[in-house]
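Written out below as structure tokens is the structure these notes cover.
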Amino acid sequence: MDLLKVSQATDIGLVRELNEDSILVGPKDVFVVADGMGGHVAGEIASHIFTATVENKLSSENTNLDQDGLRYLVVDGNEAIFECTKENPERSGMGTTATLLHIEDNSAFWAHVGDSRLYRLRDGNLKQITNDHTYVAELLANGSISADEAKVHPNKNMLLRAVGVDPVVEVDTGELTLNDGDVFLICSDGLTNMVTLPDIQATLEAEDCQDKAEALVERAKAGGGLDNISAIVVEYNEK
């Protein structure tokens with residue numbers, strides 16, 4: 001029988017007054033990180049609307065959870081947030097990132113909007129699976145700036161795509177074949193902005209670490225904790 005070991009953690013960090021992140025370890029092996037945006041309180045509301053919508057859909061429907069199924073979950077969450085904004089104009093512009101992972105048999109399906117991230121650790125190689133939907137990521141992709149310049153760019157956090165801001169959302173999706181020992185990390189940028197990739201990988205590889213998500217959050221706080229921090233770690237073993 002396939003075995004998943006899952007750890008999860010979210011933290012307000014050391015600077016922010018609210019935790020605008022929302023995470024879900026849901027039914028049917030669906031895992032979600034959402035990082036809210038849009039002014040005081042509104043970001044927190046947007047991320048919670050999103051995860052609540054996903055959880056309700058998973059609990060109430062016989063949902064197909066391949067790439068298209070996950071895309072529809074994001075679209076449903078987008079509609080729920082956008083409708084809330086129409087009913088509450090003071091929350092105009094609120095939205096959230098959304099990164100979803102579903103494990104089924106020997107496949108991993110994912111869907112993604114924004115700059116939260118999905119990583120896979122396999123055979124000593126930590127790979128970012130998703131692409132950031134940010135202004136700086138676009139500049140980096142077209143060669144306008146270097147990787148070092150991207151790290152300190154003043155518009156580093158400017159999103160080009162988010163859930164709930166517009167009536168229609170474009171969603172990236174994908175499918176991966178699982179290997180024994182694969183480890184997946186879904187996280188908000190409050191982790192990746194505070195912890196280097198080698199340190200993230202070292203934590204994921206630590207055999208004596210019983211709660212890897214919490215350990216990653218603690219690393220981010222030790223690095224400054226300037227933002228909310230969220231992580232879900234999913235370890236896959238064919239045993």
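Among pairs with a residue in residues 179-194, those fulfilling salt bridge (charged side-chain N to carboxylate O under 4.0 Å, His left out) read Arg122-Asp182, at least two apart in sequence or across chains. Identified under the side-chain hydrogen bond (donor to acceptor under 3.5 Å, both in side chains) test for residues 208-226, with sequence neighbours left out: Asp11-Lys221, Thr203-Arg219, Lys212-Glu235.
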message = As a quick check of understanding, evaluate side chain to side chain contact (heavy atoms under 4.5 Å, CB included) for Asp115 and Leu159, giving each step before the final call.
response = CA-CA 7 Å; Asp115 65 352; Leu159 289 178; 3.5 Å; yes

key: side chain to side chain contact (heavy atoms under 4.5 Å, CB included) between Val169 and Phe82, worked out   = CA-CA 11 Å; Val169 63; Phe82 192 74; over 6 Å; no

task = Begin with the C-alpha distance, continue with both residues' side-chain angles, and end with the deciding distance and a verdict on side chain to side chain contact (heavy atoms under 4.5 Å, CB included) for Leu178 and Phe184.
result = CA-CA 10 Å; Leu178 293 171; Phe184 292 93; 3.4 Å; yes

ask   = Checking side chain to side chain contact (heavy atoms under 4.5 Å, CB included) for the pair Glu44/Asn19: CA distance, chi angles, key distance, verdict?
value = CA-CA 7 Å; Glu44 181 182 35; Asn19 189 352; 5.6 Å; no

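Judged purely by atom type and a 3.5 angstrom limit, Asn228 has no side-chain atom pairing as donor or acceptor with the backbone of Gly190. Under the 3.5 Å distance criterion, the side-chain polar atoms of His112 are matched with a main-chain donor or acceptor of Asn131. Distance alone, capped at 3.5 Å, is enough to place a donor-acceptor pair between the Asn78 side chain and the Asp166 backbone. Not a single donor-acceptor pair under 3.5 Å links the side chain of Asn88 to the backbone N or O of Glu90. Checking side-chain atoms of His102 against main-chain N and O of Asp29 turns up a donor-acceptor pair under 3.5 Å. Side chain of Ser47 to backbone of Glu20: a donor-acceptor contact under 3.5 angstrom is found. Judged purely by atom type and a 3.5 angstrom limit, Asp105 has no side-chain atom pairing as donor or acceptor with the backbone of Ser107. Here the side chain of Thr130 pairs a donor or acceptor atom with the backbone of Leu118 at under 3.5 angstrom.
Separating the CG atom in Leu73 from the CD atom in Glu55 is a distance of 12.0 Å, to the nearest 0.5 Å. One finds the CZ atom of Phe50 at 4.5 Å from the CG atom of Leu100 (value rounded to the nearest 0.5 Å). Between the CG atom of Leu65 and the OH atom of Tyr72 there is a distance of 13.0 Å, given to the nearest 0.5 Å. Note that OH of Tyr119 and CG of Leu204 are 10.5 Å apart. Values are rounded to the nearest 0.5 Å. Going from atom CD1 of Ile49 over to atom OG1 of Thr85 covers 7.0 Å, rounded to the nearest 0.5 Å. Here the CG-OG1 distance, from Leu140 to Thr134, works out to 8.5 Å after rounding to the nearest 0.5 Å.
For Asn125, the side-chain contact (heavy atoms from CB on, under 4.5 Å) test picks out Lys127, with sequence neighbours left out. When the side-chain contact (heavy atoms from CB on, under 4.5 Å) test is applied to Thr173, the partners found at least two apart in sequence or on another chain are Gln67, Arg71, Ala111, Val171. Qualifying side-chain contact (heavy atoms from CB on, under 4.5 Å) partners for Ser146, counting only residues two or more places apart in sequence or in other chains: Asp148, Glu149. With sequence neighbours excluded, the residues forming a side-chain contact (heavy atoms from CB on, under 4.5 Å) with Glu83 are Lys86, listed by chain and number.
Considering every non-hydrogen atom in both Thr53 and Ala80, the closest pair reads OG1-CB, 3.5 Å. Closest heavy-atom contact between Val163 and Ala98: CG2-CB, 3.8 Å. Between Ile232 and Leu24, the shortest heavy-atom contact is CD1-O, 3.7 Å. Smallest separation of non-hydrogen atoms from Leu185 and Ala231: CD1-CB, 4.0 Å. Nearest heavy-atom pair across Ala213 and Val233 is N-CG2, 3.9 Å. Val165 approaches Gly95 most closely through the heavy-atom pair CG2-CA, 4.0 Å.
Cluster membership check: Leu216 does not share its hydrophobic cluster with Ile186, using side-chain heavy-atom separations under 4.5 Å among Ile, Leu, Val, Met, Phe, Trp and Tyr. No chain of hydrophobic side-chain contacts below 4.5 Å, direct or via other Ile, Leu, Val, Met, Phe, Trp or Tyr residues, connects Leu121 to Leu176. Leu191 and Ile23 fall into different hydrophobic clusters, where Ile, Leu, Val, Met, Phe, Trp and Tyr residues are linked whenever their side-chain heavy atoms come under 4.5 Å apart, directly or through other members. If you chain together hydrophobic residues whose side chains sit under 4.5 Å apart, Ile200 and Leu226 fall into the same group. By the criterion of side-chain heavy atoms lying less than 4.5 angstrom apart, applied directly or through intervening Ile, Leu, Val, Met, Phe, Trp or Tyr residues, Val217 is grouped together with Met194 in one hydrophobic cluster.
Remark: the Thr99 side chain and the Ser116 side chain contain no N/O donor-acceptor pair separated by less than 3.5 Å. Donor-acceptor pairing under 3.5 Å is lacking for the side chains of Ser188 and Asp35.
Inter-residue side-chain proximity for Val113 and Glu170 is flagged as unmet; no heavy-atom pair is nearer than 4.5 Å. Proximity of Thr192 to Gln128: side-chain heavy atoms (C-beta onward) are nowhere separated by under 4.5 Å.
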